[in-house]
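Take a look at the structure set out below.
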Amino acid sequence: MDILIYGTINSIALALMALGFALVYGISRVPNFAHGAIYVLSGFITWTLLNSFGVPYALSILITMVLIGILGAVLYQFVLIRVRGMAISEIIASYAIGLAILEGLRWGGFKGMSYTLPVFIEGSVIVVGIPVDYQRMVVVGLGILIVVVLWAFTHFTRIGLALRGMAQDERAALMLGIDSDIMALVSMAIGAMLAGLAGAVLLPLGNIVVESGYNVLILAIAVCIVGGLGSWVGAVLAAFLIGFAQILTVVYLGSHYQMVVALLAIILTLILRPSGLFGMQKELEERV
Amino acid sequence: MSEQPILEAREVTKAFGGILALNRVSFDVFPGEILGIIGPNGSGKTTLVNCITSFVKLTSGTIRFKGTDITRKPAHKIADMGITRTFQIMRPYYSLPAYKNLVIPLFSPRAKRTGGWRGGGKLGDRNTVGIDILEEIGFERDSYVPYKMASALPTGYLKRLELARCLALKPELILCDEVFSGLSMSEIASMVPLIERLQMDGITLIMIEHRLRELFRVANRVMVLNFGEKLVEGTPDEVMADKSVKEAYFGSEEVEEVMTYA
Amino acid sequence: MGNGNTEQRRRERLDRGIKVRSDGLYALMSWRELAYLIVPRLVLIVGLLVLPLVMPGAYWQRVITIVCIYALLALSFDFLAHYLGLVCLGGAFFVGVGGYIAAMFNSSLSLPPLLTVPVATILGAVICTLLLLPCLPLRGVYFAIVTLMYPLVLARIIEALDIFGGTDGIMGVDSFANQWLEQYAVISLVLLFLFGTRRLVNVDLGLVFRAVKDNDQAVRASGMNISFYKAIAVFVASAMGCLGGACLVHIYMWAGISLFALDFSILPIAATVIGGAGTLVGPVLGCIILVPISELLREFGTLRIVFYSLILVGFVVFRSEGLMVYGERKYHQFQRWVKV
């Protein structure tokens with residue numbers, strides 16, 4: 001039973017981490033290797049606002065979201081837009097930005113165990129005999145909320161529909177009068193905000209450490225590959241697959257193997273079904 | 001025709017999502033002939049080529065080449081057996097000179113076995129063999145053209161380069177995906193004898209075309225596809241006379257006018 | 001810029017006459033042409049060979065050795081990225097695998113460095129190639145992702161399972177017999193691999209590699225198994241990386257998790273981009289510039305990585321051609337303004 005509950009929580013946490021990456025790749029085909037860095041950065045911004053400037057917690061999270069959204073947009077507008085479509089440059093540029101952020105944070109003194117965010121609500125609740133603290137309930141609730149909101153956003157709003165159109169075929173979308181650069185900018189901002197949001201709710205569960213930036217990036221990528229690059233539905237499903245696989249390995253093999261699960265998941269997917277569970281890429285483009 | 005077909009396609013079906021790009025298409029190709037495949041845009045012609053050469057996987061159906069089932073073979077194995085193709089959107093190696101483009105197919109296991117086009121089982125220097133092939137296909141040997149970067153070549157030469165790349169493998173069957181399209185009338189006029197010469201050299205060809213006039217001149221038989229289904233198959237004259245083809249291909253009204261033009 | 005005149009003028013670049021003539025077989029027609037071809041190469045070779053002699057003190061001589069090891073990594077990155085289109089974000093993966101193998105053979109079987117280095121190179125390359133095999137049939141970002149993951153995951157596995165010495169690493173690895181041997185071994189290896197890869201990309205096999213990058217579908221249609229050729233190239237590139245790792249272990253006399261450190265992944269990429277991507281000489285040049293700077297900045301710790309990353313972003317985003325491409329152009333062509 002606890003496997004089920006912890007598995008679900010872990011899966012939703014993974015989905016939160018991965019959605020931003022999946023969204024950006026799905027819409028603008030830019031693999032955002034700075035994703036993990038943005039996640040950690042949002043934690044540190046919130047921490048700084050909270051502890052150095054004495055901004056109330058809720059407000060500081062809000063400010064962080066806005067700042068991170070702007071950061072995403074700026075990154076797109078000034079860096080990624082210049083290398084779009086050039087696979088090698090896209091990867092190198094976004095990865096280098098991520099590295100610069102993470103290692104910059106490390107150099108700036110954000111290391112060690114001293115950086116923690118308070119949980120939103122103290123205490124815990126008993127779910128079918130297992131104590132689950134409120135923060136984890138928030139994670140679950142927020143995860144579900146985000147999926148629902150994203151779904152509604154992409155199905156009922158103009159911008160959302162435009163984004164979906166672009167995800168399907170950028171050229172066709174261009175011809176229909178959708179400005180693909182603006183849309184990619186929006187997607188990048190939303191993707192960054194999703195990463196920031198994931199950071200804000202997940203980081204209170206532990207310390208804020210720079211290393212988690214790399215972990216989050218790897219997990220997000222693993223989830224996206226298993227789910228099929230560019231597919232959000234696939235990403236959510238894959239999050240559950242990997243989430244439960246991780247909890248199972250932790251229970252039966254030990255916590256050291258968590259990363260191995262992600263790596264194995266990627267490799268098995270590449271061997272068995274390279275397009276992932278819900279891959280949008282056509283066979284012709286993908287398998288060479 | 002009691003002859004053993006070189007290529008047999010049976011009930012070939014390909015679905016992209018819910019759309020049937022090819023629906024139970026069956027046909028035979030006999031050694032030494034030119035089979036033309038025509039059909040309106042989106043009727044599944046290029047998909048058929050991709051299916052035969054295994055660039056996409058069939059949903060169902062079988063394809064046999066000289067009696068061997070090749071349905072599930074990977075693309076490079078199929079090319080290795082002697083089925084080559086040209087691409088509708090030309091795909092030269094842009095960063096290499098034209099003759100170096102042929103070094104790549106000549107490096108393949110099949111070319112090493114056969115010695116390349118005209119080769120007697122022994123492959124000489126790849127650059128020389130490459131230039132020989134290019135000369136046969138219409139690149140003037142003594143000019144600068146074979147040494148030009150592929151990115152600087154005009155369309156006509158690129159189409160020939162596509163064919164040359166097939167020839168380097170000494171193929172038995174070439175699938176030509178719109179070799180005439182995008183060429184000027186004079187370029188087509190010089191391309192037709194080339195195709196005829198390939199046939200005389202014993203190569204079987206499947207030609208996918210929109211230029212009906214030239215196709216009907218060279219093809220022995222023509223198959224018509226419409227919305228992924230085989231409409232008719234027969235000699236060019238039979239196909240041209242067929243009422244349903246006219247309707248499918250040209251729309252019902254302008255049939256007479258267009259056919260007199262073709 | 002901005003004044004009306006520029007619109008009527010444009011830059012014209014012309015090949016120097018000597019270049020036009022000496023580009024092919026005519027190189028040996030005169031001493032002048034011979035010199036035109038050989039002098040730049042000679043400058044590089046002699047320069048590299050002389051470097052250890054002119055360096056003040058053991059510290060800077062050691063730096064030269066490190067430069068050479070990074071140069072091997074940068075070569076391997078450049079070769080994969082610009083001749084096969086495979087972006088390898090994990091140079092540290094090759095270094096780690098090669099380094100650990102060399103260290104283990106040395107410490108447990110007590111083989112001398114002269115044996116462990118070749119063994120680690122070949123064996124490491126085989127292991128790396130096998131581990132990367134699943135992503136070779138695929139296009140796109142998969143190779144970058146998987147190579148990015150391997151060093152991070154391997155470091156974590158070693159740490160968590162406490163294998164191969166765990167966090168302490170493998171101590172007491174033999175060093176090279178003497179410093180001169182060490183330096184000239186790595187320098188000659190760099191030269192060997194530099195001219196080797198330059199040759200490789202121009203022979204028929206190398207043309208196939210370049211064709212795979214240009215247009216993989218057409219290579220497939222020519223009856224060739226792309227994954228096989230990619231695997232060969234990955235083998236060559238990972239052999240260079242593993243060789244670097246193996247040498248490094250013998251130089252530091254220690255193998256540890258820091259072999260999987262980010263420096264080994266990111267600095268070669270930065271060096272390649274700065275030196276001139278796709279030239280193969282450029283990356284070596286980039287290392288000669290970047291590594292000493294990086295040594296000078298040692299006290300800044302991880303800020304160095306920020307520094308490489310930002311340089312990298314700058315070079316990539318502004319599509320800078322890199323030093324070597326610029327230099328080659330200046331050497332082979334002259335430029336003048338012509339009225340249109």
Side-chain angles (χ1 to χ4, degrees), chain B residues 49-50 52-56 73-87 89-97 99-114 116 123 125-127 129-130 147 150-151 161-162 164-171 174-175 177, chain C residues 13 15 19-21 23-26 78-86 133-134 136-139 198-233 236 276-280 321 325 328 332:
Chain B
V49 172
N50 283 340
I52 295 173
T53 50
S54 201
F55 273 70
V56 299
K73 283 207 155 110
H76 64 269
K77 287 268 167 57
I78 290 179
D80 197 59
M81 292 176 76
I83 306 179
T84 58
R85 65 170 296 181
T86 69
F87 290 94
I89 301 153
M90 292 153 293
R91 293 181 167 178
Y93 310 114
Y94 283 110
S95 62
L96 299 176
Y99 77 104
K100 289 276 186 196
N101 265 265
L102 291 187
V103 169
I104 285 99
L106 286 172
F107 200 79
S108 69
R110 183 178 172 84
K112 276 177 197 156
R113 272 200 315 277
T114 58
L123 187 64
D125 175 50
R126 293 194 183 84
N127 296 331
V129 178
Y147 306 96
S151 50
L161 193 57
E162 285 277 321
R165 202 168 57 204
C166 293
L167 288 181
L169 290 185
K170 199 170 187 183
I174 301 182
L175 297 118
D177 198 349
Chain C
R13 284 177 186 150
D15 274 358
K19 147 92 178 165
V20 177
R21 267 177 288 127
D23 217 13
L25 289 169
Y26 308 100
D78 194 29
F79 172 64
L80 275 189
H82 298 100
Y83 291 92
L84 270 113
L86 297 171
L133 220 48
L136 291 185
L138 302 166
R139 268 195 208 169
R198 269 172 71 101
R199 182 93 193 100
L200 175 65
V201 297
N202 283 312
V203 297
D204 291 352
L205 178 64
L207 290 180
V208 175
F209 291 159
R210 287 157 72 178
V212 170
K213 187 197 176 207
D214 240 15
N215 186 342
D216 44 7
Q217 297 293 325
V219 179
R220 235 171 123 211
S222 300
M224 277 181 284
N225 185 351
I226 301 177
S227 308
F228 174 70
Y229 289 99
K230 281 190 182 167
I232 294 179
V236 173
T279 56
L280 294 175
E321 53 191 8
V325 182
E328 270 181 355
H332 289 312

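Chain letters run A, B, ... following the sequence lines, proteins first and then strands; every chain starts at 1.
Distance OG/B:Ser95 to OH/C:Tyr83: 9.5 Å, rounded to 0.5 Å.
For B:Ile104, the parts lying near chain C are the backbone and the side chain together; criterion is any non-hydrogen pair under 4.5 Å. In this structure, chain C has a heavy atom under 4.5 Å from the side chain of B:Phe87, while its backbone stays farther away. Neither the backbone nor the side chain of B:Thr86 comes within less than 4.5 Å of any heavy atom of chain C.
With B:Tyr93 as the aromatic partner, C:Arg210 does not meet the cation-pi criteria of under 6.0 angstrom to the ring centre and within 45 degrees of the ring axis.
Taking both residues in full, the closest heavy atoms of B:Pro109 and C:Gly223 are given as CD-O, 3.6 Å, listed atom of the first, atom of the second, then distance. For the residue pair B:His76 and C:Met224, the shortest heavy atom distance occurs at CB-O, 3.2 Å. Nearest approach of B:Ala79 to C:Ala221, heavy atoms of both residues: CB-O, 3.3 Å.
For the set B:Lys77, B:Glu162, B:Met81, B:Arg165, the count of heavy-atom pairs under 4.5 angstrom toward chain C peaks at B:Arg165. With chain C as partner, the option from B:Thr84, B:Leu96, B:Ile83 having the largest number of non-hydrogen pairs under 4.5 angstrom is B:Leu96. Annotation: maximal heavy-atom pairing with chain B below 4.5 Å, among C:Asn215, C:Leu205, C:Val212, occurs at C:Asn215.
The one candidate from B:Leu106, B:Leu102, B:Val103, B:Asn101 that meets the side-chain contact (heavy atoms from CB on, under 4.5 Å) condition with C:Leu207 is B:Val103.
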Legend entry - Step-by-step side chain to side chain contact (heavy atoms under 4.5 Å, CB included) determination, C:Arg220 to B:Thr53: CA-CA 10 Å; C:Arg220 235 171 123 211; B:Thr53 50; over 6 Å; no
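Not one N or O on the side chain of C:Asp204 forms a donor-acceptor pair closer than 3.5 Å with the backbone of B:Phe107.
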